Amino acid sequence: TQAQEMAVKRQRSKAKKIKMNIDTIAIIKKKLNLQWSPEQISGWMKKQAYQYSVSHETIYRYIWEDKKKGGILYKHLRHSGKKYNKQGSNRAGRGYIPGRIDISKRPKIVEKKERLGDWELDTIIGTDSSGVIVSMVERRSKLTKLEKISRKTADQVKSALIKRLAPIQEFVITLTSDNGKEFAFHQQVSQSLKTDFYFATPYHSWERGLNEHTNGLVRQYFPKSKRFDEISIDNLKEIEELLNNRPRKVLNFWTPKEIFNHISKETLNVAFYG
């Protein structure tokens with residue numbers, strides 16, 4: 001029995017050495033230099049039927065072992081060398097947020113964009129951290145709300161969200177943000193607005209695609225080189241109005257403001273007469 005166990009250990013050790021041989025390591029380094037992710041490298045190896053293909057977990061382990069020895073392979077990873085987080089981890093992303101509720105638990109109806117009241121949230125940073133714009137976009141109507149704050153702190157972001165969304169609280173059903181620590185006071189926002197707050201999967205920006213697109217529209221007026229402390233309240237309000245009164249192809253060339261006003265009035269009438 002002991003001899004068998006020793007033989008199995010030798011075989012496993014040998015298999016590991018064969019997989020991570022000189023040729024395999026050379027391919028991994030080459031693809032990392034092209035900014036391929038470990039998952040892409042592993043998938044490409046399998047697709048090419050490479051003799052010694054390895055899993056992306058094995059590649060990550062090799063990268064972190066290399067870093068411990070003073071290597072720089074980790075610098076080629078997409079997310080600034082942040083260590084790989086297993087999917088589904090409650091602590092994955094830019095920092096652990098107490099009480100975080102994952103987007104996977106969000107009602108499926110939100111994905112259909114059929115009702116009014118589902119909002120996506122994000123922050124836009126001015127050059128040299130000169131200020132922050134909190135952006136809020138309603139998924140059905142594409143209505144945008146913008147609020148400027150001086151610093152990207154959880155307290156200021158919380159206050160901005162409550163200030164802009166409280167007047168239309170009846171049309172705020174869900175909020176979805178990324179995993180930035182500036183949204184750490186989400187529970188206070190939820191309590192104040194009586195809504196549910198969800199967090200997108202780390203590094204899955206497409207789960208808030210509308211918000212990302214809207215931020216791009218805002219950047220047309222306030223590029224990355226712009227200092228946000230130079231933006232006046234009236235200037236920001238003007239840009240918000242321009243976005244909300246611009247016809248959208250996705251809305252059959254109605255404006256976000258027209259759609260929001262139409263559906264909100266219709267909803268209130270149903271509630272009143274119902």
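Computed from a prediction, not measured in an experiment: that's the story for all the values here.
With rounding to the nearest 0.5 angstrom, the CG atom of Asp178 is 13.0 Å from the NZ atom of Lys181. In this structure, the separation between CD1 on Ile149 and CG on Leu161 is 8.5 Å, given to the nearest 0.5 Å. Atoms CG and CD, on Leu236 and Glu241 in that order, are 11.0 Å from each other to the nearest 0.5 Å. In this structure, the separation between CH2 on Trp119 and OG on Ser177 is 15.0 Å, given to the nearest 0.5 Å. With rounding to the nearest 0.5 angstrom, the CD1 atom of Ile162 is 9.0 Å from the CD atom of Gln191. From Glu238, atom CD reaches atom CG of Leu243 across 10.5 Å, with rounding to the nearest 0.5 Å.
In summary, Asp128 and Arg227 engage in a salt bridge, as defined by a charged side-chain N under 4.0 Å from a carboxylate O. The residues Glu230 and Lys226 are annotated as salt-bridged, a charged nitrogen and a carboxylate oxygen being separated by less than 4.0 angstrom. Glu207 and Arg106 are not joined by a salt bridge, as no carboxylate oxygen comes within less than 4.0 angstrom of a charged side-chain nitrogen. Note on Lys237 versus Asp234: no salt bridge recorded, every NZ/NE/NH1/NH2 to OD/OE distance being 4.0 Å or above.
Shown here for Asn179 and Thr201, the closest heavy-atom pair between the two residues is ND2-C, 4.0 Å. Looking at every heavy atom in both residues, Pro167 comes nearest to Lys163 through CD-O, 3.3 Å. Shown here for His186 and Pro98, the closest heavy-atom pair between the two residues is NE2-O, 2.8 Å. Among all heavy-atom pairs drawn from Pro256 and Arg246, the shortest one is CD-O, 3.3 Å. Taking both residues in full, the closest heavy atoms of Thr24 and Met45 are given as CG2-CE, 3.9 Å, listed atom of the first, atom of the second, then distance. Heavy atoms only, all atoms of each residue included: Asn215 and Ser135 are closest at OD1-OG, 2.9 Å.
Counting heavy atoms from C-beta outward, Ser141 and Leu251 have side chains that stay 4.5 Å or more apart. With contacts defined as side-chain heavy-atom distances shorter than 4.5 Å, the pair Arg140/Arg115 does not qualify. Here the side chains of Tyr62 and Leu73 are in contact, with some heavy-atom distance below 4.5 Å. Looking only at side-chain heavy atoms (C-beta outward), Lys145 and Ile168 come within less than 4.5 Å of each other. Inter-residue side-chain proximity for Asp118 and Thr176 is flagged as unmet; no heavy-atom pair is nearer than 4.5 Å. Looking at Leu121 and Val134, their side chains never come closer than 4.5 Å, going by heavy atoms from C-beta outward. Contact of the Glu240 side chain with the Arg164 side chain is registered, since non-hydrogen atoms from C-beta on lie closer than 4.5 Å. Using a 4.5 Å heavy-atom cutoff, the side chains of Lys113 and Lys142 are in contact.
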Practice task
Take Arg208 and Glu212 through the side chain to side chain contact (heavy atoms under 4.5 Å, CB included) test and state the conclusion after the steps.
Solution key: CA-CA 6 Å; Arg208 296 178 303 101; Glu212 295 287 334; 3.0 Å; yes
Exercise for the section: Quick one: do Tyr221 and Leu242 satisfy side chain to side chain contact (heavy atoms under 4.5 Å, CB included)? Show the steps, please. Expected result: CA-CA 11 Å; Tyr221 301 98; Leu242 285 173; 4.0 Å; yes
Practice task
For side chain to side chain donor-acceptor pair (under 3.5 Å), just list the numbers for Asn261 and Ser264, CA-CA rounded to whole Å, side-chain angles, deciding distance to a tenth of an Å, and then say yes or no.
Solution key: CA-CA 5 Å; Asn261 288 341; Ser264 60; 4.6 Å; no
Practice task
Begin with the C-alpha distance, continue with both residues' side-chain angles, and end with the deciding distance and a verdict on side chain to side chain contact (heavy atoms under 4.5 Å, CB included) for Phe228 and Ile124.
Solution key: CA-CA 10 Å; Phe228 283 6; Ile124 309 171; 4.0 Å; yes
Exercise for the section: Start with the C-alpha distance between Lys67 and Ile63, add both sets of side-chain angles, then the distance that settles side chain to side chain contact (heavy atoms under 4.5 Å, CB included), and finish with yes or no. Expected result: CA-CA 6 Å; Lys67 182 181 179 182; Ile63 292 172; 5.7 Å; no
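The hydrophobic clustering, which links ILVMFWY residues whose side-chain heavy atoms are closer than 4.5 Å, places Val172 and Leu116 together. Cluster annotation: Leu165 is not connected to Val218 through the hydrophobic network of ILVMFWY side chains, with a link wherever side-chain heavy atoms come within less than 4.5 Å. Following chains of ILVMFWY side-chain contacts shorter than 4.5 Å, one cannot reach Leu146 starting from Val137, and the two form parts of different hydrophobic clusters. When the side chains of ILVMFWY residues are joined at heavy-atom separations under 4.5 Å, either directly or via intervening members, Phe222 and Ile125 end up in two distinct hydrophobic clusters. Under a hydrophobic clustering in which Ile, Leu, Val, Met, Phe, Trp and Tyr are joined whenever their side-chain heavy atoms come within less than 4.5 Å, directly or via other members, Ile28 and Tyr74 fall into the same cluster.
Ring geometry for Phe197 against Phe183 counts as tilted: the plane angle lies between 30° and 60°, on a 0 to 90° scale.
At distances below 3.5 Å, at least one donor-acceptor pair connects side-chain atoms of Asn244 with backbone N or O atoms of Thr144. For Ser130 (side chain) and Thr127 (main-chain N/O), a donor-acceptor pair under 3.5 Å exists by modelled atom type. Between the side chain of Glu182 and the backbone N or O of Thr153 there is no donor-acceptor pair closer than 3.5 Å. In terms of modelled atom types and a separation under 3.5 Å, the side chain of Glu258 and the main chain of Thr255 share a donor-acceptor contact. The main-chain N or O of Leu210 is found under 3.5 Å from a side-chain atom of Thr214 such that the two form a donor-acceptor pair. Proximity of a side-chain donor or acceptor of Ser159 to a complementary backbone N or O of Asp155 within less than 3.5 Å is detected. Side-chain atoms of His76 do not come within 3.5 Å of backbone N or O of Trp36 as any donor-acceptor pair. Listed for the Asp122 side chain is no donor-acceptor partner under 3.5 Å among the backbone atoms of Asn211.
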